[in-house]
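Comments concern the structure below.
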Amino acid sequence: QVQLVESGGGLVQPGGSLRLSCAASGSIFRINAMGWYRQAPGKQRELVATITSGGSTDYAGSVKGRFTISRDNAKNTVYLQMNSLKPEDTAVYYCVASLTTVPTMILPRTYWGQGTQVTVSA
């Protein structure tokens with residue numbers, strides 16, 4: 001079994017910062033890409049940022065320049081540093097990882113965390 005556990009969400013004022021963490025645990029052989037999605041009330045889930053095992057990153061246009069994704073491969077953990085937060089960043093943030101559980105597994109499988117609430121409000 002594989003688990004992704006997020007932490008670091010909460011309530012913050014506009015212009016503030018939060019750092020989300022997501023640790024993957026369980027039967028893991030190799031983690032390929034990791035990332036963060038978010039879903040605001042009444043909206044579809046959207047991609048926020050991704051990072052490959054080699055450290056290449058990609059961001060949604062709405063967060064570029066404000067959010068930074070990083071990972072610690074030794075800890076199977078991905079982070080999302082969120083600065084200059086806006087009310088429109090309010091959402092449940094989900095961690096995602098594409099990984100294999102055994103060496104013979106050809107195609108990676110995608111796993112999701114349970115989500116952590118981020119609320120940006122005065």
Side-chain angles (χ1 to χ4, degrees):
Q1 291 289 341
V2 174
Q3 282 189 318
L4 300 182
V5 179
E6 300 113 332
S7 60
L11 173 64
V12 64
Q13 292 187 341
S17 298
L18 280 176
R19 189 190 193 210
L20 305 182
S21 299
C22 172
S25 63
S27 180
I28 297 171
F29 173 66
R30 179 181 290 121
I31 301 178
N32 299 326
M34 302 185 80
W36 293 91
Y37 281 72
R38 67 185 181 187
Q39 187 167 20
K43 294 188 177 181
Q44 288 189 330
R45 191 172 297 189
E46 64 173 356
L47 178 66
V48 176
T50 60
I51 184 167
T52 67
S53 57
S56 296
T57 59
D58 195 17
Y59 296 91
S62 59
V63 307
K64 198 170 292 185
R66 300 187 298 122
F67 291 10
T68 302
I69 189 171
S70 61
R71 64 190 279 177
D72 185 334
N73 291 330
K75 296 181 179 180
N76 289 340
T77 299
V78 63
Y79 306 96
L80 186 67
Q81 178 66 45
M82 304 184 293
N83 299 329
S84 302
L85 283 160
K86 305 175 181 179
E88 50 264 43
D89 294 318
T90 296
V92 177
Y93 283 71
Y94 297 91
C95 171
V96 61
S98 174
L99 60 89
T100 54
T101 56
V102 293
T104 54
M105 189 172 175
I106 298 175
L107 296 178
R109 179 180 171 183
T110 299
Y111 292 83
W112 292 83
Q114 80 287 353
T116 185
Q117 177 70 46
V118 171
T119 303
V120 185
S121 175

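It should be emphasised that the depicted structure is a prediction, and the values quoted were computed from it without experimental measurement. Atoms considered below: every heavy atom in the structure, side chains included; atoms not considered: hydrogens, waters and symmetry mates. Just so you know, residue 1 is the first one in the sequence shown, and it goes up from there.
N83 and S17 form a side-chain donor-acceptor contact under 3.5 Å, judged by distance and modelled atom types alone.
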How far apart are the C-alpha atoms of T100 and F29, what are their side-chain angles, what is the distance that settles it, and do they pass the side-chain contact (heavy atoms from CB on, under 4.5 Å) test? CA-CA 6 Å; T100 54; F29 173 66; 3.5 Å; yes
Please walk me through it: do M34 and V96 pass side-chain contact (heavy atoms from CB on, under 4.5 Å)?
CA-CA 6 Å; M34 302 185 80; V96 61; over 6 Å; no
Going through the checks in order, is the side chain to side chain donor-acceptor pair (under 3.5 Å) test met by R30 and N32? CA-CA 6 Å; R30 179 181 290 121; N32 299 326; 5.2 Å; no
*R71 vs N73, side-chain contact (heavy atoms from CB on, under 4.5 Å): CA-CA, chis, key distance, verdict*: CA-CA 6 Å; R71 64 190 279 177; N73 291 330; 2.6 Å; yes
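Applying the side chain to side chain donor-acceptor pair (under 3.5 Å) rule to S62 yields the partners R38; only residues at least two apart in sequence or on another chain are considered.
For the atom pair CG of L18 and CG of L80, the computed distance is 9.5 Å after rounding to the nearest 0.5 Å. The structure places NZ of K75 at 14.5 Å from OG of S25, a figure rounded to the nearest 0.5 Å. One finds the CD atom of Q3 at 12.0 Å from the SG atom of C95 (value rounded to the nearest 0.5 Å). For the atom pair Y37 OH and Y94 OH, the distance stands at 13.0 Å (nearest 0.5 Å). Within the model, atoms OG of S53 and CG of L99 stand 12.0 Å from one another, a figure rounded to the nearest 0.5 Å. To the nearest 0.5 Å, atom CD of residue Q39 and atom OH of residue Y93 are 12.0 Å apart.
Side-chain contact between L11 and V118 is absent, with no heavy-atom pair separated by less than 4.5 Å. Between I69 and V78 the shortest side-chain heavy-atom distance falls below 4.5 Å. Counting heavy atoms from C-beta on, the side chains of Y59 and I51 never come closer than 4.5 Å.
In this structure, Q44 places its CD atom where only 12 or fewer heavy-atom neighbours from other residues, nucleotides or ligands lie under 6.0 Å away.
Taken together through direct or relayed side-chain contacts under 4.5 Å among Ile, Leu, Val, Met, Phe, Trp and Tyr, V92 and V48 form parts of separate hydrophobic clusters. Following chains of ILVMFWY side-chain contacts shorter than 4.5 Å, one cannot reach M105 starting from I31, and the two form parts of different hydrophobic clusters. Under the 4.5 Å side-chain heavy-atom criterion for grouping Ile, Leu, Val, Met, Phe, Trp and Tyr, Y79 is not connected to L20 through any hydrophobic cluster.
Ring-centre distance between W36 and F67: not below the 6.0 Å cut-off.
A side chain to side chain donor-acceptor pair (under 3.5 Å) check over residues 113-122, counting only residues at least two apart or in different chains, returns the pairs E6-Q114, Q117-T119.
Looking only at distances, a side-chain donor or acceptor of T90 sits under 3.5 Å from a matching main-chain atom of V120.
Residues A122 and P14 share a closest heavy-atom pair of N-CD, 3.6 Å. Closest non-hydrogen pair, A24 versus L4, comes out as CB-CD2, 3.2 Å.
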